[in-house]
Amino acid sequence: MRILHIISQSPDFTGSGKYIQEIIRQSTKNGHDNFLLAGAQADFTISSSLIPRDHTLFVRFDGMDLDFPIPGMSDIMPYSSSLFSRLDDNHLSAYKLAFGKKIKQAIDRFNPDLIHTHHLWIVSAITRQIAKNIPMVTTCHGTCLRQHHNCPDISKKILLDLQGIDKVIALSCDQKQLIVSALSIDPQKISIVSGGYNKDCFYSEPKPFDGTVELLYAGKISSPKGVPWLLKSLYLIRELPFRLHLAGNANEEQKQICLSLADRLGSKALYHGALSHEKLSNLMRKAHIFILPSFFEGLPLVLMEALACGCRIITTALPGVHEIFKTDHPGMVRLVKLPRLETIDKPFKQDEPAMEKALSITMAELISMVQTHPQPDMAYVQSNSSNFTWEKIFLKIAGVYGELAGKTMP
């Protein structure tokens with residue numbers, strides 16, 4: 001099939017960006033012809049090994065197609081960005097016109113059999129308006145649901161178009177219920193297909209151990225991801241033999257909040273900045289414990305990558321996380337109870353001391369376990385990661401494509 005892939009933000013740096021790259025890579029391996037339309041910074045370039053340059057089209061921000069920074073699906077992005085909630089009517093109109101123009105160009109140039117968009121938000125709604133007669137599937141990554149919560153005026157205007165999408169992919173059962181509840185999309189249209197990991201990049205090797213337990217966090221360096229909570233918790237157990245690696249980026253304000261807390265740990269905390277998949281996987285193979293203390297996630301792909309690299313896991317017990325790990329494994333996975341949330345991704349201030357204590361106790365227990373048994377339970381690693389390779393995940397997505405193939409729209 002000829003498949004047009006559309007994402008409104010940079011196809012890199014974030015979970016949804018990595019997701020679309022892997023979908024295109026697997027789709028190409030399976031013989032499909034792919035075309036990518038994406039939002040991007042003015043100087044963004046994409047690897048030609050992923051997709052031919054003549055099969056790409058970009059809506060460029062920062063003074064090119066649009067004169068403002070790219071709006072992110074999260075309000076905190078790992079690059080300069082705008083907030084949808086702060087775009088005025090002129091900006092929103094320009095945004096819709098720019099994407100509408102490029103969507104029409106992509107359809108005229110590529111003549112797709114099927115369109116796969118990402119995020120149940122503005123650009124997917126525009127695509128449905130323009131491509132009424134082309135079968136269309138949209139993957140929800142979770143962040144779009146937060147935008148519907150934050151921007152109710154925009155949400156009302158695009159709801160009917162989103163409800164007209166032929167198929168929706170939810171990353172988890174919980175996310176499916178949230179989509180039905182928030183957007184009133186027919187549950188019969190929603191298929192559940194999780195994300196995956198690249199087994200050629202993320203794989204395990206024997207863990208080196210010199211007496212220092214290597215901890216790793218990878219993702220946005222921000223408060224909604226729980227990074228300040230992590231750093232404050234580690235300060236409570238700073239006498240233990242650990243070293244924390246922080247990999248990722250965020251806007252300058254959030255990054256400085258986190259890095260100032262990391263400074264209190266001295267040489268026990270190292271900041272790596274944003275890393276390529278290859279460099280991140282190398283770091284994961286050396287790390288003993290991966291920690292994701294996030295307050296809001298869809299289905300965090302990074303947990304699958306870390307587990308495939310043999311990391312023990314500490315993460316908040318989010319609904320999507322439960323669907324991966326089901327429950328604790330004493331030596332491999334610890335699910336920390338999610339605190340009460342004042343907003344969709346912010347805990348109550350008065351609960352923070354108890355949160356820090358709970359997380360510090362869990363980390364101290366696993367650090368002690370690594371000291372006596374540095375190597376992970378490889379039987380657990382294999383049994384819980386093998387079903388999440390991108391090869392197996394794409395087969396499920398291809399099944400959704402197959403349901404839509406040849407569909408004739410009224």
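Note that the structure is predicted; figures quoted are calculated from it, not measured.
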Check whether any side-chain heavy atom of [X] sits under 4.5 Å from a side-chain heavy atom of [Y], and report yes or no.
X      : Y      : value
Pro228 : Cys258 : yes
His148 : Ile158 : yes
Met73  : His118 : no
Ile397 : Ile169 : yes
Leu240 : Val213 : no
Phe394 : Ser27  : yes
Lys392 : Lys199 : no
Ile46  : Phe44  : yes

Straight-line distance of [X] [atom1] to [Y] [atom2], nearest 0.5 Å:
X      : Y      : atom1 : atom2 : value
Ile289 : Lys207 : CD1   : NZ    : 10.0 Å
Ile185 : Leu178 : CD1   : CG    : 12.0 Å
Leu301 : Ile393 : CG    : CD1   : 9.5 Å
His5   : Ile24  : NE2   : CD1   : 5.0 Å
Cys309 : Leu216 : SG    : CG    : 9.5 Å
Ile291 : Ile314 : CD1   : CD1   : 5.0 Å

[Y] backbone acceptor or donor facing [X] side chain under 3.5 Å:
X      : Y      : answer
Arg285 : Tyr203 : yes
Lys220 : Gly248 : no
Ser294 : Lys225 : no
Arg2   : Phe110 : yes
Asp166 : Met136 : yes
His288 : Glu214 : yes
Lys132 : Gln129 : yes
Ser181 : Gln177 : no
Arg238 : Tyr235 : yes
Tyr95  : Asn90  : no

Does the pair Ile367 and Leu215 meet the rule for a side-chain contact (heavy atoms from CB on, under 4.5 Å), with working shown? CA-CA 9 Å; Ile367 287 170; Leu215 313 179; 4.2 Å; yes

Flag yes if more than 12 heavy atoms outside [X] fall under 6.0 Å of its [atom1] atom; otherwise flag no.
X      : atom1 : result
Lys286 : NZ    : no
Glu253 : CD    : no
Leu160 : CG    : no
Asp186 : CG    : yes
Arg86  : CZ    : no

Looking only at heavy atoms, what is the nearest atom pair of [X] and [Y], with distance?
X      : Y      : value
Phe325 : Leu307 : CE2-CD2, 3.8 Å
Phe290 : Met284 : CE1-CE, 4.0 Å
Pro187 : Val180 : CB-CG2, 3.9 Å
Gly39  : Pro11  : O-CD, 3.9 Å
Ser360 : Leu236 : OG-CD1, 4.0 Å
Ile107 : Pro112 : O-CD, 3.8 Å

Quick one: do the [X] and [Y] side chains pair a donor with an acceptor below 3.5 Å?
X      : Y      : result
Glu305 : Ser281 : no
Arg128 : Ser124 : no
Ser16  : His119 : yes
Asn150 : Ser85  : no
Thr117 : Thr138 : yes
Asp62  : Gln41  : no
Asp113 : His32  : no
Ser191 : Lys167 : yes

Ion pair check, Lys101 and Asp65, cut-off under 4.0 Å: no

Any idea how [X] and [Y] line up, ring-wise: parallel (<30°), tilted (30 to 60°), or perpendicular (>60°)?
X      : Y      : answer
His329 : Tyr380 : tilted
Tyr19  : Trp390 : perpendicular
Trp121 : Phe84  : perpendicular
Phe35  : His55  : tilted

Please lay out, stage by stage, how Arg334 and Glu365 fare under the test side-chain contact (heavy atoms from CB on, under 4.5 Å). CA-CA 10 Å; Arg334 297 293 181 90; Glu365 289 174 353; 2.7 Å; yes

Can you spot which of Gln9, Lys102, Met64 makes a side chain to side chain contact (heavy atoms under 4.5 Å, CB included) with Val59? Lys102

Kindly indicate, with the supporting measurements, whether the criterion side-chain contact (heavy atoms from CB on, under 4.5 Å) is fulfilled by Ile165 and Leu120. CA-CA 9 Å; Ile165 293 169; Leu120 289 162; 3.9 Å; yes

Under the criterion side-chain contact (heavy atoms from CB on, under 4.5 Å), I'd like the reasoning laid out for Glu391 against Lys29: C-alpha separation, chi angles, the key distance, then a yes or no. CA-CA 10 Å; Glu391 286 80 0; Lys29 284 182 181 179; 4.0 Å; yes

Within the 6.0 Å centroid threshold, strictly below: His116 and Tyr401: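 Yes.
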
Regarding Lys268 and the six-membered ring of Phe242, is the cationic atom NZ or CZ under 6.0 Å from the ring centre and inside 45° of its axis?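 Yes, Lys268 and Phe242 form such a contact.
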
